[in-house]
Amino acid sequence: MAAENGPNAGEYIQHHLQHLQKNFSFESVQQTSIVDFSVFNLDSVFYSVVLGIIGCFILWRAARRATSGVPGRFQAAVEILAEMVETQARGVIHNEKSRKLVSPLALTVFVWIFLMNFMDMLPVDLLPQIWHTAGPALGFKDYMRVVPTADLSTTLGLSVSVLLVCLAYNIKIKGLGGWGHELISAPFGAHPLLWPFNFAMQMIEFLAKTVSHGMRLFGNMFAGELVFMLIALMGGVWAWQFNPLSGGFWLGVGHVAAGTVWTLFHILIITLQAFIFMMLTLIYVGQAHDAH
């Protein structure tokens with residue numbers, strides 16, 4: 001993994017960007033192609049599931065402890081969040097019956113993605129350094145990435161799930177025949193000669209929305225994770241070459257300053273990205289209710 005004196009900057013980043021990958025026989029493998037459905041990232045799956053359980057527990061706990069009197073701070077915070085989501089849902093989904101499912105779904109999506117994004121706020125080497133010792137002792141590789149939304153397979157999995165919800169509502173609201181007619185008659189009209197072009201445009205729309213939905217979240221979180229790695233490298237060089245008379249000393253100052261500024265800014269990013277993903281989920285489901 002490292003040279004005798006430790007990895008250089010490129011090796012450090014390359015190691016931290018490698019997932020703990022397994023095939024479905026649970027053997028350690030390394031992905032060699034851009035798309036490989038025989039491989040899954042165990043670290044992303046693990047943290048996604050754990051954070052999903054934590055998010056559901058938080059919401060369940062808030063519902064269980066809800067009172068009709070003056071709410072405590074925890075209940076008030078969850079109520080404000082739930083009301084915000086319901087307000088946004090009411091603006092784009094006019095079917096009250098649909099909102100009974102879609103609003104809780106959107107709230108869960110927001111909380112889950114926020115928690116996954118928040119893993120980026122932990123020190124870069126905190127959990128991976130623990131895994132460097134524990135992983136090989138358990139027979140695993142020492143690779144470990146802790147931000148599930150910095151993994152394209154996670155974000156595209158979420159966006160594909162939203163696509164499936166949209167398809168289900170298209171069929172539920174319009175009927176299979178009605179939706180099928182819409183696929184071949186919009187946006188250019190119902191003339192038979194235009195059916196292939198309409199269908200192609202509809203498929204392109206579904207594909208573009210799904211890919212952009214997942215890529216937007218992935219791109220922002222991957223970039224944020226990479227910036228934190230670069231800031232960590234500044235601190236590592238400072239700690240290794242501590243000398244007030246050398247340039248390396250000032251890397252320590254830059255490490256603290258850049259780390260503080262980027263952390264404060266990244267709090268906004270992780271919240272905003274969770275909100276954007278939630279809003280696009282509501283918008284896409286709302287579009288499934290509308291006829292072209």
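N117 approaches A274 most closely through the heavy-atom pair ND2-N, 4.0 Å. Here the shortest heavy-atom pairing between G214 and L156 reads CA-CD2, 4.1 Å. Residues M278 and V85 approach most closely at SD-CG2, 3.6 Å, considering heavy atoms. Here the closest non-hydrogen pair linking V70 and T67 is O-OG1, 4.3 Å. The shortest heavy-atom contact between M84 and F275 is SD-CE1, 3.7 Å. Summarising the geometry of S98 relative to I173, their closest heavy-atom pair is OG-CD1, 4.2 Å, with the distance given to 0.1 Å.
Side-chain N/O atoms of D125 and Q129 include no donor and acceptor closer than 3.5 Å. Using a 3.5 Å distance cut-off with no hydrogens or angles, the side chains of N41 and Y143 do not pair a donor with an acceptor.
Crowding of F46 atom CZ: a count of heavy atoms from other residues, nucleotides or ligands under 6.0 Å not exceeding 12. Residue F118 qualifies as open at atom CZ: its count of foreign heavy atoms under 6.0 Å is 12 or below. In the displayed structure, E79 atom CD is contacted under 6.0 Å by more than 12 heavy atoms of other residues, nucleotides or ligands.
When hydrophobic clusters are built by joining Ile, Leu, Val, Met, Phe, Trp and Tyr residues whose side-chain heavy atoms come closer than 4.5 Å, directly or via intermediates, L163 is grouped together with W179. Transitive grouping of hydrophobic side chains (ILVMFWY, heavy atoms separated by less than 4.5 Å) keeps Y284 and L183 in distinct clusters. Linking ILVMFWY residues whenever their side-chain heavy atoms come closer than 4.5 Å, directly or via other members, leaves L152 and V29 in distinct clusters. Under the 4.5 Å side-chain heavy-atom criterion for ILVMFWY residues, a single connected hydrophobic cluster contains both I54 and F114. Tracing side-chain contacts under 4.5 Å through hydrophobic residues (I, L, V, M, F, W, Y), one reaches I270 starting from V50; they form part of the same cluster.
Here the side chains of Q18 and Q30 are in contact, with some heavy-atom distance below 4.5 Å. Side chains of Q75 and V78 form no contact here, defined as non-hydrogen atoms less than 4.5 Å apart. Side-chain contact between S28 and Q21: absent, with no pair of heavy atoms (C-beta onward) separated by less than 4.5 Å. Contact annotation: the side chain of L127 approaches that of Y47 to within less than 4.5 Å [non-hydrogen atoms, C-beta and beyond]. At a threshold of 4.5 Å between non-hydrogen side-chain atoms, the residues V160 and T210 count as touching. Considering only heavy atoms from C-beta on, Q287 comes within 4.5 Å of I283 through its side chain. In this structure the side chain of H213 reaches within 4.5 angstrom of the side chain of T281, judged on heavy atoms.
For the side-chain contact (heavy atoms from CB on, under 4.5 Å) test, residues two or more places apart in sequence or in another chain that qualify with L17 are I13, R145, F222, E225, L226, M229.
Atom CH2 in W112 sits 6.0 Å away from atom OG in S48 (nearest 0.5 Å). In this structure, the separation between CD1 on I269 and CG on D120 is 9.0 Å, given to the nearest 0.5 Å. Expressed to the nearest 0.5 Å, how far NZ of K209 lies from CG of L280 amounts to 10.0 Å. Between the CG atom of N170 and the CG atom of L176 there is a distance of 10.5 Å, given to the nearest 0.5 Å. Atom CZ in R61 sits 15.5 Å away from atom SG in C56 (nearest 0.5 Å). Atom CG of residue D142 and atom CH2 of residue W131 lie 9.5 Å apart, to the nearest 0.5 angstrom.
Through direct or relayed side-chain contacts under 4.5 Å between Ile, Leu, Val, Met, Phe, Trp and Tyr, I34 connects to V35, F37. Here W60 sits in one hydrophobic cluster together with F57; the rule is ILVMFWY side chains under 4.5 Å apart, joined directly or through other members. The hydrophobic cluster around I204 extends to none of the other residues, as no ILVMFWY side-chain heavy atom falls under 4.5 Å of it.
Side chain of K174 to main chain of D290: a donor-acceptor pair is present (N/O by atom type, distance under 3.5 Å, no hydrogens or angles).
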What pairs of donor and acceptor atoms, side-chain ones from residues 100-109 against any protein atom, are under 3.5 angstrom apart with sequence neighbours left out?
residue : atom : partner : partner atom : Å
S103    : OG   : E86     : OE1          : 2.8
S103    : OG   : R99     : O            : 3.1
T108    : OG1  : P104    : O            : 2.8

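Relative ring orientation between W262 and F265 is described as tilted, the plane-to-plane angle lying within the 30° to 60° band. The aromatic rings of F40 and F24 sit tilted, their planes meeting at an angle between 30° and 60°. Ring geometry for H16 versus H132: interplanar angle over 60°, hence perpendicular rather than tilted (30 to 60°).
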Query raised in the report: Are Q88 and M279 close enough, and set up right, to give a side chain to side chain contact (heavy atoms under 4.5 Å, CB included), and what steps lead you there?
Result: CA-CA 7 Å; Q88 300 300 328; M279 279 302 305; 3.5 Å; yes
Query raised in the report: Given T154 and F218, is the side chain to side chain contact (heavy atoms under 4.5 Å, CB included) satisfied, shown in steps?
Result: CA-CA 8 Å; T154 301; F218 161 74; over 6 Å; no
Report task. Go through H266 and M221 one step at a time and tell me if the side chain to side chain contact (heavy atoms under 4.5 Å, CB included) criterion holds. Result -> CA-CA 9 Å; H266 206 56; M221 297 313 301; 3.9 Å; yes
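Applying side-chain contact (heavy atoms from CB on, under 4.5 Å) to L51 and the options I113, V111, V146, L115 leaves one that passes, L115. For the pairing with H19, the side-chain contact (heavy atoms from CB on, under 4.5 Å) check across D43, V39, L42 returns one residue only, D43. Just one of T155, D151, T149 meets the side chain to side chain donor-acceptor pair (under 3.5 Å) condition when paired with S44; it is D151.
Each ring-ring contact (aromatic ring centres under 6.0 Å, His included) pair with one or both residues in residues 182-205, not counting sequence neighbours, would appear here, but there are none.
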